[in-house]
Colleague: 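Dumping the structure here so I can ask a few things about it.
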Amino acid sequence: MRVLILGGSTESSELSRLLADNSRFDTTLSLAGRTLKPRAQPVRTRTGGFGGADGLAAWLVQESIEAVIDATHPYADQISFNAVTACGRLRLPLATILRPAWQPQPGDNWLTVASAEAAADAPGSQPRRVFLSLGRLELGAFASAPQHHYVARSIEPPDVALPPDISLILDRGPFDEQAETALLTREKIDMIVSKNSGGAATYPKITATRKLGIPVVMIARPLKVHGHAVEHAADAVKWLEQQLAHRATPGSARGV
Ligand code: NAP
């Protein structure tokens with residue numbers, strides 16, 4: 001069965017590993033190309049946008065794809081919309097890995113905002129020391145609040161205009177709580193800005209803020225439309241096995 005994974009997340013890497021040695025599936029992983037040097041993956045990989053839902057649909061037909069797994073990040077809502085649209089049109093089976101959001105625990109002090117721009121307003125007019133744990137493309141929003149000192153951590157160097165008083169840490173998770181606590185303490189951070197990414201890899205920064213009594217400006221998740229919902233990469237493999245078992249004859253899967 002020819003499978004497309006829409007990737008760019010921990011789960012898509014895990015799913016690629018699980019499918020790499022499974023001869024029943026011929027898998028292609030698609031990356032948007034946001035990370036300039038992504039980790040090598042054990043399945044065929046293509047990079048770059050498809051050109052909207054129409055471009056994705058055309059690519060799915062051209063590559064004779066029979067099932068799609070949307071394993072994109074919880075904040076990647078456009079590609080998920082395109083996947084639902086294209087797969088719906090072609091009547092292709094689509095499953096989406098939905099990573100549960102973090103829920104505030106006793107001791108957490110979260111202010112939830114709608115966007116990176118709203119997060120930039122949240123610390124207010126008095127200068128503060130703010131830790132930004134965001135993608136490199138979102139850091140530009142904080143140029144509008146130059147009164148704060150920022151410590152920003154992202155995987156790759158940002159190529160957007162930044163606020164003037166910022167120090168950059170280039171690093172990729174997972175991180176541990178002890179190191180996160182040490183970082184926030186050493187940098188005298190009094191507020192952090194985060195996405196509600198969910199999962200374990202970047203959660204230690206949240207437990208560190210709870211321990212230190214630091215408020216978190218949490219950027220809310222967008223609405224992500226989805227196909228058949230699964231939680232983990234292993235569930236997606238089970239779903240693929242089911243699709244294989246119930247596969248219609250070629251042609252009827254496409255409604256032609
Ligand atoms: P997005 O807003 O949903 O997508 C914007 C456009 O990027 C899509 O319309 C599509 O272009 C292209 N695209 C996105 N994911 C793609 C994929 N896996 N393969 C091919 N093209 C893709 O997503 P985004 O926020 O730009 O995120 C891009 C990628 O980074 C995603 O794969 C996501 O998993 C990963 N990521 C995102 C975040 C985040 O916070 N947004 C965090 C970590 C990782 P066309 O319309 O031209 O096809």
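Note that ligands are numbered from 1 as they come in the structure, with each ligand's atoms numbered from 1 the same way.
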Colleague: So which protein heavy atom does atom 44 (C) of ligand 1 come closest to, and at what separation?
Modeller: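 Protein heavy atom at minimum distance: G8 O, 3.3 Å.
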Colleague: Compute the minimum heavy-atom distance from P74 to ligand 1 and say whether it is under 4.0 Å.
Modeller: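 No, that is not the case, since the closest heavy atom of the residue is not under 4.0 Å from the ligand.
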Colleague: Are R128 and D190 within salt-bridge range, i.e. N to O under 4.0 Å?
Modeller: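 A salt bridge is present here (some side-chain N lies under 4.0 Å from a carboxylate O).
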Colleague: Looking at K195, which atoms of ligand 1 are within less than 4.0 Å of one of its heavy atoms?
Modeller: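 Selected atoms, number and element: 39 (C), 40 (O), 42 (C).
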Colleague: What about I79: any of its N or O atoms under 3.5 Å from an N or O on ligand 1?
Modeller: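 Such a contact does occur with ligand 1.
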Colleague: Does G51 have a heavy atom less than 4.0 Å from any atom of ligand 1?
Modeller: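 Distance cut 4.0 Å: G51 passes for ligand 1.
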Colleague: Closer than 4.0 Å to some heavy atom of G48 - which atoms of ligand 1 meet that?
Modeller: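 The list of qualifying atoms is 20 (C), 21 (N).
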Colleague: Can you tell me if E177 uses its side chain to pair, donor with acceptor, with the backbone of A208 under 3.5 Å?
Modeller: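 No.
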Colleague: Report yes if the side chains of D70 and I5 come closer than 4.5 Å at any heavy-atom pair, otherwise no.
Modeller: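 SC-SC contact between D70 and I5 ruled out.
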Colleague: Suppose we measure from atom 23 (O) of ligand 1 to each protein heavy atom; which comes out shortest, and what is that distance?
Modeller: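 Of every protein heavy atom, A76 CB, 3.3 Å lies nearest to atom 23 (O) of ligand 1.
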Colleague: Does ligand 1 have any atom sitting under 4.0 Å from a heavy atom of G135?
Modeller: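 Not so, G135 does not reach ligand 1.
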Colleague: If hydrophobic clusters are built by linking Ile, Leu, Val, Met, Phe, Trp and Tyr wherever their side-chain heavy atoms come under 4.5 Å apart, do L4 and I97 end up in the same one?
Modeller: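 No; I97 is not reachable from L4 via cluster members.
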Colleague: Which residue and non-hydrogen atom of the protein lie closest to atom 34 (O) of ligand 1, and at what distance in Å?
Modeller: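 Protein heavy atom with the smallest distance to atom 34 (O) of ligand 1: H73 N, 2.7 Å.
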Colleague: Do the side chains of L15 and E11 get nearer than 4.5 Å, heavy atoms only?
Modeller: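 They are not in side-chain contact.
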Colleague: With distance as the sole criterion, is a donor-acceptor pair present between the side chains of T72 and K224 under 3.5 Å?
Modeller: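 Checked: T72/K224 side chains pair up, N/O donor to acceptor below 3.5 Å.
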Colleague: Under 4.0 Å between a Lys/Arg side-chain N and an Asp/Glu carboxylate O for E241 and K238?
Modeller: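 No.
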Colleague: At what distance is the nearest protein heavy atom to atom 48 (O) of ligand 1, and which residue and atom is it?
Modeller: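 Sorting protein heavy atoms by distance from atom 48 (O) of ligand 1 puts F50 N, 2.6 Å first.
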Colleague: Which atoms from ligand 1 have a heavy atom of N82 less than 4.0 Å away?
Modeller: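 By the 4.0 Å cutoff, the relevant atoms are 9 (O), 46 (O).
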Colleague: Any idea which protein heavy atom is nearest atom 46 (O) of ligand 1, and the distance to it?
Modeller: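 Residue, atom and distance for the closest contact: G52 N, 3.0 Å.
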Colleague: Run the ring-ring contact (aromatic ring centres under 6.0 Å, His included) test against F142 and tell me which residues pass, sequence neighbours left out.
Modeller: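 Expected list: Y150.
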Colleague: Answer yes if the side chains of S13 and Q41 hold a donor-acceptor pair under 3.5 Å, and no otherwise.
Modeller: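 Side chains of S13 and Q41: pair found under 3.5 Å.
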Colleague: If hydrophobic clusters are built by linking Ile, Leu, Val, Met, Phe, Trp and Tyr wherever their side-chain heavy atoms come under 4.5 Å apart, do I169 and I155 end up in the same one?
Modeller: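 No, I169 does not connect to I155 through the hydrophobic network.
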Colleague: Test of understanding: given a 4.0 Å heavy-atom threshold, classify the contact between L31 and ligand 1 as side chain, backbone, both, or neither.
Modeller: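 For L31, the contact with ligand 1 is made by the backbone alone.
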Colleague: Please state which protein non-hydrogen atom is closest to atom 22 (C) of ligand 1 and give its distance, to 0.1 Å?
Modeller: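 Answer, as residue, atom name and distance: A32 CB, 3.5 Å.
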Colleague: Between E63 and T28, is any pair of side-chain heavy atoms under 4.5 Å apart?
Modeller: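 A side-chain contact is absent here, since even the closest heavy-atom pair is not under 4.5 Å.
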Colleague: Hey, are the side chains of I65 and L90 touching, using non-hydrogen atoms and a 4.5 Å cut-off?
Modeller: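 No, side chains not in contact.
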Colleague: Between S9 and ligand 1, is there a nitrogen or oxygen pair with a distance under 3.5 Å?
Modeller: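 N/O-N/O distance below 3.5 Å does not exist for this pair.
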Colleague: Out of all atoms in ligand 1, which are within 4.0 Å of some heavy atom of S30? Include the element for each.
Modeller: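 Those atoms are 17 (C), 18 (N), 19 (N), 20 (C).
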Colleague: Looking only at N/O atoms, are T72 and ligand 1 under 3.5 Å apart anywhere?
Modeller: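 Checking ligand 1 against T72, no N or O pair falls under 3.5 Å apart.
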Colleague: Could you list the residues that satisfy ring-ring contact (aromatic ring centres under 6.0 Å, His included) with W59, not counting sequence neighbours?
Modeller: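 Testing W59 for ring-ring contact (aromatic ring centres under 6.0 Å, His included), a comparison that skips the adjacent residues, returns F50.
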Colleague: Check each atom of ligand 1 against the heavy atoms of D77 and keep those under 4.0 Å away; list them by number with element.
Modeller: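 Within the 4.0 Å cut-off of D77, ligand 1 contributes 3 (O).
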Colleague: Just heavy atoms, cut-off under 4.0 Å: does Q78 contact ligand 1 by side chain, backbone, both, or neither?
Modeller: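 Both backbone and side chain of Q78 come within 4.0 Å of ligand 1.
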Colleague: What protein heavy atom lies closest to atom 11 (O) of ligand 1? Include the residue and the distance to one decimal.
Modeller: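 Here the closest protein heavy atom is G49 CA, 3.7 Å.
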Colleague: From atom 6 (C) of ligand 1, work out which of R34, E138, E11 has a heavy atom at the shortest distance.
Modeller: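 Going through R34, E138, E11 one by one, R34 has the nearest heavy atom to atom 6 (C) of ligand 1.
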Colleague: Of all the non-hydrogen atoms in the protein, which one sits nearest to atom 32 (O) of ligand 1, and at what distance?
Modeller: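 Among all protein heavy atoms, the one nearest atom 32 (O) of ligand 1 is G7 O, 2.6 Å.
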